[in-house]
Every structure is written in structure tokens, then in C-alpha cells.
A.B. asks: 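Starting off with a structure, shown below.
When reading the values below, keep in mind they use all heavy atoms of this one structure, side chains included, and skip hydrogens, waters and symmetry mates. Whatever order the structure lists them in is the order used to number ligands and atoms, beginning at 1.
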Amino acid sequence: MPTADRIALMHAELTAWRRDLHAHPELGFEETRTSDLVAAKLAAFGCAVHRGLGKTGVVGTLRAGSGSRVIGLRADMDALPIEEAGGSEHRSRHQGKMHACGHDGHTTMLLGAARYLAETRNFDGTVHFIFQPAEEGLGGARAMVDEGLFEKFPCEAIFGMHNRPGLPIGQFAVRSGPMMAAGAFFDINVAGKGAHGARPEAGIDPVMVAAHIAIALQTIVSRNAPPVETAVLSVTQIHGGDAYNVIPQTAQLAGTVRAFSRNVMALIETSMRRIVKGVAEGFGATAEVDFRFLFPPTVNDAREAEFAAGICTGLVGTQNVERNPPLLMGSEDFSLMLEKVPGCYINIGNGVGEGGCEVHNPGYDFNDAALPLGVSFFARLVETRLAKLAA
Ligand SMILES: [Zn+2]
Ligand SMILES: [Zn+2]
């Protein structure tokens, strides 16, 4: 039976898996039910299963023939702390948590590929199916890499896939070189001097200092970073005070920074420390910056991007593969794996209507119509890269 037909027959079952995962979202490093389910399925398909790498991470290994070539395929498993807005039957059963980034779909597609490849074994070599925890800013990829992912499971190339709302079902986007931004989070603590709200002369107002810092930080991208570089700095939180008539002791700011090179990221951090210190001192206050570099930029290897694009083109035709999509300001911790092993991260269309809602939105839902194509991508990639030699 042709690959596509065989995978199409799995569609109803894949949809059921995806909706079950969607109904039971788990946050980063808490994916116990999810990883139990992934491990049980991988074992049932006939994969060797390794658990506990990065707490809840799972690696399934499948071998066929005697070939020595090895590739890795990666999916993420975690959900977000968002209350789901939709009223579907597979709506989140866990209050305040939802699969708003489609990692339920990513996990399902990689499981589907593992099942198909285990049943057909039409390849020669080894595939590691890497199910990572905690992609959403909690360090899941770093945990797996630091605990020896690629020493225990060496791979010559790795591939991953993220759904993209707004890209039609049946389409892919593949970019060579930088694709997604490096990301950092920051916290700023301003210390002033509390006083009666009617007697500001007796205190140092940290709320006013925080407001000036928030505005001054907006000059880093516009005045310090080279205009030809792409970067963004967003102050997303300002906290301070509890009462109408009290000038508080302290105030806090927090936010995120994105850029496409480690150099620009370093420049932004240096500028932030200088501005925060200077503005606070100017008002007689003090301030401390906690700048946490989370993800490097996601950079696709040119050769592997060409290979992945070739697989996509073979599945859906050149007209359905966007080869030069715009840079994405979002970050992705698959970047940490790509720093260790060459590979490529691609986007698969989640649709423009039903799947058009942006990720991280309470109304988002992974589009099940994308499942067979995602499975086919991984399956075809393995069958091509680890092709059996002609007898
Ligand atoms: Zn996300
Ligand atoms: Zn995601």
C-alpha cells in the first residue's frame, strides 16, 4: 500500500490520540500522563524506550536492517498556563491549562510516524524519536541535551516541525539559516523609599522610576541596536503598590527580548543594565536587573534545510512549499539541539480559517486535518535519508 494511503487510514486514530492529549494538557516537566502515554505507545509499536531524560522526556529508538546511519526526530509535549476558551468536546479538562501551541499535534504526528515506520520498516538504519518536555520557556531541550541526549543517542541530523496558523493545510514553510529569534526574559527590581501618598517629599517613588525605565528601555532597539538588525524588547509587566495612599518601597518590571544573533542579544543586555542603573540613580533609587538568556536563535543547516524542503516538495509540490518565509520573532528551544547537531525545523500549515487563530491564544486548536501530512513528512524523510540500498 502506498505510504500516503496507509497513513490516511490512520487519520481517525491519530485524531483520537490528538484530542485525548488536548483534553489532558500538562505544563512543562509535569507531562507525566503524556509521557506515560507516549512511552506505552512507542513500546507497543516495538521501539526501545528510554525514559527520564529531562525528567519527563522520552526517547524511542527503532532500528531496521543493518545500516549504521542514525537520525533524530523531535516533538514537544508541554501545554501552556492558559484557560481554554473553546467549547469543543475535546476541550481541556485541566483548569487553567491548555494545548495552545499545538504540541498535542506535534506529539501525535511523531507517534504516528513511529507507528508507521515500525510497521513498515522500509528503511535501513536507526531513528530516535525524541519527545521533549517543557518547550515553553522552561528549558526542556536544555535539560535533555545537558543530560546527554546526543551522547546516549548520537544523531547525524535532527528534524522537528511546528504548526503554523495562517499557512494553509497541505503546505509547508522551510527556511535555510536563521529562522526564529533568540529569546531572553528579564526582571527588574526597583528599590525606592515608601512614604504617605500625600507626602512624596518623604520618600523615593519606585513607581515613577519604573515608568521612566519602561520608556527608556524602548530606546535600546531604536537607538543602540544597528538598524539593519532585527530585535524587539517588550516590557510586559509592571507591578508596584497596594494602596491608594501609599508610595510603595519597591516596584518590579519584567519582559522579553528577541534578536537573531547572540551579539545583538549581548548588546541589548549591556544597554539594559546601563539604562536601568542610570535612570534609577537619577531618581535616587536603586535597581537590579536579572537578565536570563533562554534560547539561542534557531538556525537551520543549509544542506539539511535543502533536504527537508525536498521531502516537502515531493509530498505537496513546489507550489505548496514556501521556501523563503519571513523570520519569526518567536523563539524555539529546538535551537539548542540544532546547536549540537545539524538539522532543520520546518513549519506545517495549520490552516487559515478553522486553524487560523494564533498560537498562545485561548481560542487556538491544532487542526487535525494536518495530521496525516505531518506523519508523512517524518515517514518520507526517514525512508529517503535511510533508504535501503538496492539488492
Ligand atoms: Zn508556544
Ligand atoms: Zn510551540
A.B. asks: Of all the N, O or S atoms in His162, which has the shortest distance to the Zn ion (ligand 2)?
C.D. replies: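 Nearest to the Zn ion (ligand 2) within His162's N, O and S set: NE2.
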
A.B. asks: Identify whether NZ of Lys or CZ of Arg in Arg74 sits under 6.0 Å from the centre of the six-membered ring of Phe159 and within 45° of that ring's axis.
C.D. replies: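 No.
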
A.B. asks: I'd like to know if Asp368 pairs up with Arg19 as an ion pair, taking the criterion as any Lys NZ or Arg NE/NH1/NH2 lying under 4.0 Å from an Asp or Glu carboxylate oxygen.
C.D. replies: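 Yes, charged N to carboxylate O under 4.0 Å.
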
A.B. asks: Which value, rounded to 10°, describes the NE2(His360)-the Zn ion (ligand 1)-OE1(Glu136) angle?
C.D. replies: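 That angle is 90°.
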
A.B. asks: Less than 4.0 Å between a side-chain N and a carboxylate O, is that true for Glu31 and Arg33?
C.D. replies: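 The answer is no: the pair does not qualify as a salt bridge.
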
A.B. asks: Is the Zn ion (ligand 1) under 2.8 Å from any N, O or S atom of Glu135?
C.D. replies: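 Coordinating: no.
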
A.B. asks: Is His103 close enough to the Zn ion (ligand 1) that one of its N, O or S atoms comes in under 2.8 Å?
C.D. replies: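 Of the N, O and S atoms in His103, none lies under 2.8 Å from the Zn ion (ligand 1), which means no.
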
A.B. asks: Can Glu83 and Arg91 be counted as an ion pair, charged N to O under 4.0 angstrom?
C.D. replies: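 Salt bridge: yes.
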
